[in-house]
Engineer: 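Have a look at this one.
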2 protein chains.
Amino acid sequence: MDIEEGTPPQRLRALPSRLTNQAALAANRIVDQALAEAGVRRYHYALLAASEEYGPASQAALGRRTGIDRSDMVATVNDLAERRLVERAPDPEDRRRNTVSITAAGRQELTRLDRLLAAAQDAFLAPLGQADRRTLTDLLTRLVDHHRGEQG
Amino acid sequence: MDIEEGTPPQRLRALPSRLTNQAALAANRIVDQALAEAGVRRYHYALLAASEEYGPASQAALGRRTGIDRSDMVATVNDLAERRLVERAPDPEDRRRNTVSITAAGRQELTRLDRLLAAAQDAFLAPLGQADRRTLTDLLTRLVDHHRGEQG
DNA sequence: CACCAACGTTGGCTAGACCAACGATATGAG
DNA sequence: CTCATATCGTTGGTCTAGCCAACGTTGGTG
């Protein structure tokens, strides 16, 4: 009957916070689906990436890098350690800490995930050309940097 | 005292899907806090806005407008009807339907929420000038439009 | 030594976004 | 007119991300 019955009200359509949220929803759907093919979730990728780029580090430090809460980090490391993608070992220099290190298999998996993720980004950004993609990334980076560490 | 220990790995920092998600996190935090002052959540605002802009409509139609699931719509209408911000009445022309209409008090509340939300948007977009805000809104709109109705 | 901070871990909470199924009602095909 | 199909509101789930509080252990400092 009514054409375009799915059009949101103007108030919502113009709301930057909602646009951002809706875009994030779409992005997460695409990314989650891509990662699911490899049997992992976003937290797993984030941890592997941080572990690869910064080398062996404590769970707390990795949490600060990735924004993953200490409590969620426990389960994430559990998962990846079970699959031998990272190793968890007590830090002899500070016995409160676990040292988490990425394994060779972890690096390999990370490379595979990088490819899946690149395709996902492309699907997400499909309607935008290269210049627009750069602009968007720049604007979002400025927003995220501004709000980093505010209360999250 | 490591400097900038919270810096995310490059892989994550450059990932548009993650940037979008982090921005949405910040936006939602700010918006939720603003709405909480008025004792409402995002769903409530969305429903009031749709109800005001499109007039009396069925719950299902409002759900399509706002992206709120039918099942979640029930509770949302319950909440607002309890506070007399909307009215729910059986539709005599189609007895499957409930007609939801915004009340005078609902319009008043909506105006109040509009103000709170405008301030929240400003806080969210603080680091961007007017031109950048328009650019961001445009880019996000194109993304959201492209992905609308894909599987959400 | 006494404190306080940081660590990993357990356990819990919330909201948002979903899905499946039901009975009641409308609609459309034949 | 009948039968199949679709829609509506509603109930009752599920899942996950993002949180927070508290605990015992350990480290560092006064």
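So you know, we letter chains A, B, ... as the sequences are listed, proteins then strands, and number each from 1. In this text, all values refer to a predicted model and were calculated from it rather than measured experimentally.
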Engineer: D/dT26, C/dC18, D/dC19: which one has an atom nearest the side-chain heavy atoms of A/Arg95?
Structural biologist: D/dT26
Engineer: Check this for me: does any side-chain nitrogen of one of B/Asp32 and B/Arg41 sit under 4.0 Å from a carboxylate oxygen of the other?
Structural biologist: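 Salt bridge: no.
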Engineer: Can you identify which nucleotide, out of C/dA15, C/dT25, C/dT9, has its nearest atom closest to the B/Arg41 side chain?
Structural biologist: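 The nucleotide sitting nearest to the side chain is C/dA15.
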Engineer: Can you find a donor-acceptor N/O pair under 3.5 angstrom joining the side chain of B/Asp72 to the base of C/dC18?
Structural biologist: yes
Engineer: Rounded off to whole Å, could you give me the CG-to-C1' distance for the B/Asp69 and D/dC15 pair?
Structural biologist: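 In whole Å, D/dC15 C1' lies 14 Å from B/Asp69 CG.
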Engineer: Considering only NZ, NE, NH1 and NH2 on the basic side and carboxylate oxygens on the acidic side, decide whether A/Asp138 and A/Arg134 come within less than 4.0 Å.
Structural biologist: no
Engineer: Does a side-chain N-to-carboxylate-O contact under 4.0 Å join A/Asp91 and A/Arg96?
Structural biologist: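 Judged by the 4.0 Å cut-off on N to carboxylate O distance, A/Asp91 and A/Arg96 do not form a salt bridge.
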Engineer: When all nucleic acid strands are considered with a 4.0 Å heavy-atom cut-off, which category describes A/Asp32: base, sugar-phosphate, or nothing?
Structural biologist: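 Since no nucleic acid heavy atom lies under 4.0 Å of A/Asp32, the category is nothing.
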Engineer: Expressed in angstrom and rounded to an integer, what is the separation of A/Gln59 atom CD from C/dC7 atom C1'?
Structural biologist: 9 Å
Engineer: Do any side-chain nitrogens or oxygens of A/Arg96 fall under 4.0 Å of OP1 or OP2 in D/dG27?
Structural biologist: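 Result: no.
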Engineer: How many whole angstroms separate atom CZ of A/Arg29 from atom P of C/dA17?
Structural biologist: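 Whole-Å distance recorded here is 11 Å.
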Engineer: Quick check for you: to the nearest 0.5 Å, what is the distance between A/Glu82 atom CD and A/Arg88 atom CZ?
Structural biologist: 10.0 Å
Engineer: If you look at every strand shown and take non-hydrogen atoms under 4.0 Å, does A/Leu25 touch a base, only sugar-phosphate, or nothing?
Structural biologist: sugar-phosphate
Engineer: Please report the distance, rounded to the nearest Å, between CG in B/Asn28 and P in C/dG16.
Structural biologist: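 Atom CG in B/Asn28 sits about 9 Å away from atom P in C/dG16.
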Engineer: Thinking salt bridges, do A/Asp145 and A/Arg148 make one under a 4.0 Å N-O criterion?
Structural biologist: yes
Engineer: Taking only N and O in the side chain of B/Tyr43, is any of them less than 4.0 Å away from OP1 or OP2 of C/dA17?
Structural biologist: yes
Engineer: Just by distance, with hydrogens left out, do A/Tyr45 and A/Asp114 show a side-chain donor and acceptor under 3.5 Å apart?
Structural biologist: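 On atom types as modelled, these side chains qualify, holding a pair under 3.5 Å.
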Engineer: How many whole angstroms separate atom CD of B/Glu93 from atom P of C/dT27?
Structural biologist: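 Nearest whole value for this atom pair: 10 Å.
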Engineer: Closer than 4.0 Å, any side-chain N/O of B/Asn98 to the OP1 or OP2 of D/dT10?
Structural biologist: yes
Engineer: Tell me: CG of A/Asp94 to C1' of D/dT25, nearest whole Å?
Structural biologist: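 It is 11 Å, rounded to the nearest whole Å.
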Engineer: Using whole Å, what does the distance between atom C1' of nucleotide D/dA17 and atom CE of A/Met73 come to?
Structural biologist: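 After rounding, the gap between these two atoms is 14 Å.
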Engineer: Would you say D/dC8 has OP1 or OP2 under 4.0 Å from some side-chain N or O of B/Arg64?
Structural biologist: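 The answer is yes; a side-chain N or O of B/Arg64 sits under 4.0 Å from OP1 or OP2.
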Engineer: Take A/Asn21 and A/Arg70, find for each the nucleotide of DNA chain C with the closest heavy atom, and name the residue whose nucleotide sits nearer the 5' end.
Structural biologist: A/Arg70
Engineer: Between A/Val74 and B/Arg42, name the one whose nearest nucleotide on DNA chain C is closer to the 5' end.
Structural biologist: A/Val74
Engineer: If you find the nucleotide of DNA chain D closest to B/Arg88 and the one closest to A/Pro92, which residue's nucleotide is nearer the 5' end?
Structural biologist: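 Between the two, 5'-proximity favours B/Arg88.
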Engineer: Kindly indicate whether the side chain of B/Ser71 and the base of D/dG13 share any N or O donor-acceptor pair separated by less than 3.5 Å?
Structural biologist: no
Engineer: Rounding to an integer number of Å, can you tell me how far A/Leu62 CG sits from C/dC7 P?
Structural biologist: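 Taking atom P of C/dC7 as the reference, CG of A/Leu62 is at 11 Å.
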